[in-house]
Every structure is written in C-alpha cells, then in structure tokens.
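The structure under discussion appears below in the form of structure tokens.
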Amino acid sequence: YPDGTTTGLDLTPAMLEIADQQTHDFEVAYIEGSMAGLPFEAESIDVVTGGYALRNAPDLDQALDEIARVLRPGGTAAFLDFSKPRNRFGQALGHAALKFWGGFWGLVLHGNPDVYGYIADSLRLYPDRTALRERFADRGFALVRGRRYMGGLLEMVQFKKGG
C-alpha cells in the first residue's frame, strides 16, 4: 500500500513513544486507543493487523466487532498470535512449553524466570484456534490463510471481510 496511510494504535503512551522512535524513517501516525473502540469511521480501513493484539484485547468479542466495523468489504484482518489446539492435552502441552520458554527468556534477559509467566497464563481464557476462526466467521470473515510456527504455539492468520 505505497499510497496508504499507516496508523499505529496502543493503549500505552510509553509503547507509542517507543514505536515512534523505532520507526522515525517511516510515515506512521500513532494514536492512543483501544481495539474495543477503534477511532475510525465504519468501513474506512483496508487492513487491520497486529502482533499478539488479539490475546491482549481486554474484550476479544468487542475488539472483533470493531475490526469488522472499520474494515471495508474485501478488507484484510491479519494477526500473529498464540494458537491453542482444541484438545485439552494439546493445550496443557502448549501451556507447559510456554511456561518453560517464557521462564528461560525471563531468566536470560531479566534474571527472573517469572517475568513472562503471564503469557502462558493469559492463554487460559483465549479461544482455541477453531473457536477463534468461528468468531471471525460469525462476523462475516473468511479465512484466507493460517500458518503455524513453533510447533503450533503461534499462528499467523489472515481473514478477508465479506461484502
């Protein structure tokens, strides 16, 4: 989208400041706000994307409603986020792997194995990958592509809004 406008959105002013500093060579506007109340007109956006944004949404259904509201028909919603299998064994295995991985990096980077513990714990309420796709479908989205990483712990999903 070479002629497009890029806007970054975050709840935290400190994160917006960091993003602005790291992207000063690019034309990106940053605004403070929530996915649960996007400050854009209905059907005015071509692409909504995020990294670990869905898992961190205070109210996932409200955020998905807002994404559906602001996207134009044919628009793209693409996210990289954690991915849970539907079965409990797979979920338990993924939780244990994330606890270990987060603990490892917490210890290496911060000297505290618990610093990233919230990540695995936050996924307990996050929908499994099938339920997430159903939530998008309920809002008129069709799955274009899904690609899993790290043994299925992460997934990039791309949806297209129907018209």
Side-chain angles (χ1 to χ4, degrees), residues 1-84 98 101-102 105-106 108-112 114-129 131-147 149-150 153-163:
Y1 300 95
D3 297 325
T5 301
T6 303
T7 303
L9 176 86
D10 198 282
L11 289 169
T12 312
M15 293 304 291
L16 293 170
E17 187 175 318
I18 291 168
D20 189 43
Q21 291 170 1
Q22 292 182 353
T23 61
H24 66 274
D25 291 338
F26 303 97
E27 291 194 31
V28 180
Y30 291 99
I31 56 176
E32 185 178 343
S34 169
M35 290 175 60
L38 293 170
F40 304 107
E41 297 292 321
E43 297 186 349
S44 64
I45 305 291
D46 292 308
V47 178
V48 174
T49 187
Y52 308 104
L54 297 176
R55 178 189 56 87
N56 286 313
D59 183 321
L60 179 59
D61 287 317
Q62 194 172 8
L64 294 178
D65 288 343
E66 279 294 282
I67 292 166
R69 181 185 69 78
V70 302
L71 270 177
R72 290 186 173 110
T76 297
F79 295 92
L80 173 68
D81 221 312
F82 290 96
S83 179
K84 284 176 30 180
L98 282 173
W101 194 241
W105 284 110
V108 168
L109 298 174
H110 305 284
N112 180 353
D114 298 323
V115 73
Y116 296 122
Y118 75 93
I119 295 172
D121 294 337
S122 72
L123 290 174
R124 292 199 187 280
L125 299 177
Y126 190 67
D128 64 60
R129 62 181 70 104
L132 182 65
R133 285 166 168 71
E134 289 169 355
R135 287 184 182 191
F136 270 97
D138 289 346
R139 290 162 176 85
F141 287 91
L143 180 68
V144 174
R145 167 183 9 208
R147 183 170 179 189
Y149 301 92
M150 291 185 63
L153 291 175
L154 302 174
E155 184 175 28
M156 189 287 297
V157 290
Q158 180 183 349
F159 296 93
K160 185 174 191 145
K161 181 181 174 186

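When reading the values below, keep in mind they use all heavy atoms of this one structure, side chains included, and skip hydrogens, waters and symmetry mates.
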Indicate yes or no for a side-chain donor-acceptor contact from T49 to the backbone of A78 under 3.5 Å, with no hydrogens or angles considered. yes

To the nearest 0.5 Å, how far apart are OG1 in T76 and CZ in F141? 9.5 Å

Going by side chain to side chain donor-acceptor pair (under 3.5 Å), name the residues that satisfy it together with R139, two or more places apart in sequence or in a different chain. D61, D65

Nearest-0.5 Å distance that lies between atom CG in L11 and atom CG in N56: 9.0 Å

Take the angle between the ring planes of F79 and F136 and call it parallel below 30°, perpendicular above 60°, tilted in between. tilted

Apply side chain to side chain donor-acceptor pair (under 3.5 Å) to D138 and list each qualifying residue two or more places apart in sequence or on a separate chain. none

In Å, rounded to the nearest 0.5 Å, how long is the span from OG1 of T7 to CG of L38? 11.0 Å

For residues 8-47, the ring-ring contact (aromatic ring centres under 6.0 Å, His included) pairs (sequence neighbours left out) are none

Rounded to the nearest 0.5 Å, how far does CG of L143 lie from NZ of K160? 13.0 Å

With sequence neighbours excluded, tell me which residues meet ring pair (Phe, Tyr, Trp, His ring centres under 6.0 Å) with Y116. H110

Going by side chain to side chain contact (heavy atoms under 4.5 Å, CB included), name the residues that satisfy it together with D128, two or more places apart in sequence or in a different chain. K84, R86, Q91, T130, A131

Taking all non-hydrogen atoms of both residues into account, name the closest pair between A77 and I67 and its distance. CB-CG2, 4.2 Å

Partners meeting side chain to side chain donor-acceptor pair (under 3.5 Å) with D81 (sequence neighbours left out): none

Could you tell me whether a side-chain N or O of T12 sits under 3.5 Å from a main-chain N or O of A14, the two making a donor and an acceptor? no

Any side-chain heavy-atom pair from P39 and L9 closer than 4.5 angstrom? yes

E17: what forms a side chain to side chain contact (heavy atoms under 4.5 Å, CB included) with it, not counting sequence neighbours? Q21

Side chains of F159 and V144, heavy atoms from C-beta outward: is any pair under 4.5 Å? no

So, using side chain to side chain contact (heavy atoms under 4.5 Å, CB included) as the criterion, who are the partners of L60 when residues are at least two apart? L54, L64, Y126, P127, L132, R135

Tell me the closest heavy-atom pair linking R129 and S83, and the distance in Å. NE-OG, 2.7 Å

Approximate separation, where rounding is to 0.5 Å, of W105 CH2 and N112 CG: 15.5 Å

Side chain to side chain contact (heavy atoms under 4.5 Å, CB included) partners of R147, counting only residues at least two apart: Y149

Please list all pairs meeting salt bridge (Lys or Arg N to Asp or Glu O under 4.0 Å) that have one or both residues in residues 69-79, counting only residues at least two apart or in different chains. D46-R72, E66-R69

What is the distance from atom CG of L154 to atom CZ of F82, rounded to the nearest 0.5 Å? 5.5 Å

Distance-minimising heavy-atom pair for Q62 and A36: NE2-O, 3.5 Å

